[in-house]
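Throughout, protein chains are lettered first and strands after them, A, B, ... in sequence-line order, and every chain is numbered starting at 1.
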Amino acid sequence: METQLSNGPTCNNTSNGPSTISNNCSSPVESGSIEDSKTNLIVNYLPQNMTQEELKSLFGSIGEIESCKLVRDKITGQSLGYGFVNYVDPKDAEKAINTLNGLRLQTKTIKVSYARPSSASIRDANLYVSGLPKTMTQKELEQLFSQYGRIITSRILVDQVTGVSRGVGFIRFDRRVEAEEAIKGLNCQKPPGATEPITVKFANNPSQKTSQALLSQLYQSPNRRYPGPLAQQAQRFRLDNLLNMAYGVKSRFSPMAIDGVTSLAGINIPGHAGTGWCIFVYNLAPDADESILWQMFGPFGAVTNVKVIRDFNTNKCKGFGFVTMTNYDEAAVAIASLNGYRLGDRVLQVSFKTNKTHKA
DNA sequence: TTAAATT
């Protein structure tokens, strides 16, 4: 696994960017209202199965949304893992950044930030860097590249098991010209203290994932921001699911059977609302809001909607709320994990919603 | 040894 000797096309000056983009289509941003907007956000690292409606549901819990778009592959329709949310009120956009940036959803930690005005100059500004010293940190990587422009994101890929650097990373610049200069300046150069030169070139687009690739994705430690017990249970559960997908291991639950029965026979099953599984959450604090429900349930799987029930006059939470999850088994694990969970000084009761109007 | 960042 050594990339010694400069074999092949390692150290020529590649400028293999996508051949010139034809610009005959109408420019996407001409309304003027979006440029330099304090209301328009870009949301990155969304779970693959998250829909535009779920995106709107999540961000709509902050404030009124003017428009919302999940970006999809033009041909397959698959989510590209990012989207845009444009609020009516700039203060809601700011609040969304403060409360939703870093939110864990399934295997992802989403990023919420202001969208830059769309233009050709910010496209294709992403670099692939390899041959990095294994000891180089993300910060050091940024320091190396920052002399060429404003860095939007940086990342060093790590071994899924050991967490050690793979010597491969990405740098996204604000503008393509900055990326071009960085290639000229750093490709085939040795970073300070390094013994081998690095390779810097334009990055490819990420490829579609098979379920096998999904497996390896799970093992690599994502962002270790809030590695609490809940997240660990959720991750353990996802691992079970992925093992099922990859190797056909039977799960403890049988979501397909139950969902099938429900849709075919119309049998009333607790929590089943047609569009998903409705979960009742009891003993929330008066100041609870939707974000706490997203935070608690999001790591367990696909959450399509959350709602805190409030008093009409005081606008305080009446002590309960609802969460809708798409998949039965994820909902079941969330309930099993969160029922009895201590939130602040309260112990939550979590169950599938029933049709009872009151408890006897 | 290439991960979902500009509608």
Review point. Where do A/S154 and A/Q138 land on the side-chain hydrogen bond (donor to acceptor under 3.5 Å, both in side chains) test, with the steps shown first?
Key: CA-CA 7 Å; A/S154 67; A/Q138 183 180 4; 2.9 Å; yes
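- The residue among A/S119 and A/L80 whose nearest nucleotide of DNA chain B is located toward the 5' end is A/L80.
- Contact annotation: A/T153 side-chain N/O to B/dA5 OP1/OP2 distance is not under 4.0 Å.
- Considering only side-chain N and O atoms, A/R172 lies under 4.0 angstrom from the phosphate OP1 or OP2 of B/dT6.
- For A/N40 against B/dT7, a side-chain N or O and a base N or O form a donor-acceptor pair under 3.5 Å.
- You'll find a donor-acceptor pair under 3.5 Å spanning the side chain of A/N126 and the base of B/dA3, going by distance alone.
- Dashed line: the shortest gap from a side-chain N or O of A/R155 to OP1 or OP2 of B/dA4 is under 4.0 Å.
- The CD1-P distance, from A/I156 to B/dT1, rounds to 16 Å in whole Å.
- For A/R116 against B/dT6, a side-chain N or O and a base N or O form a donor-acceptor pair under 3.5 Å.
- Taking every side-chain heavy atom of A/R166 into account, B/dT1 is the closest of B/dA4, B/dT1, B/dA5.
- Contact annotation: A/N44 side-chain N/O to B/dA5 OP1/OP2 distance is under 4.0 Å.
- An OP1 or OP2 oxygen of B/dA4 is reached within less than 4.0 angstrom by a side-chain nitrogen or oxygen of A/K108.
- Residues A/F202 and A/Y128 keep their aromatic ring centres 6.0 Å or farther apart.
- Using a 4.0 Å heavy-atom distance criterion, A/S130 is classed as making no nucleic acid contact.
- Rounding to the nearest 0.5 Å places CG of A/L186 at 4.5 Å from CG of A/L144.
- Heavy atoms of A/Y82 sit under 4.0 angstrom from primed sugar atoms or phosphate atoms, though from no base atom.
- Side-chain atoms of A/K69 and base atoms of B/dT6 include no donor and acceptor less than 3.5 Å apart.
- Centroid-to-centroid, the aromatic rings of A/F352 and A/Y328 come within less than 6.0 Å.
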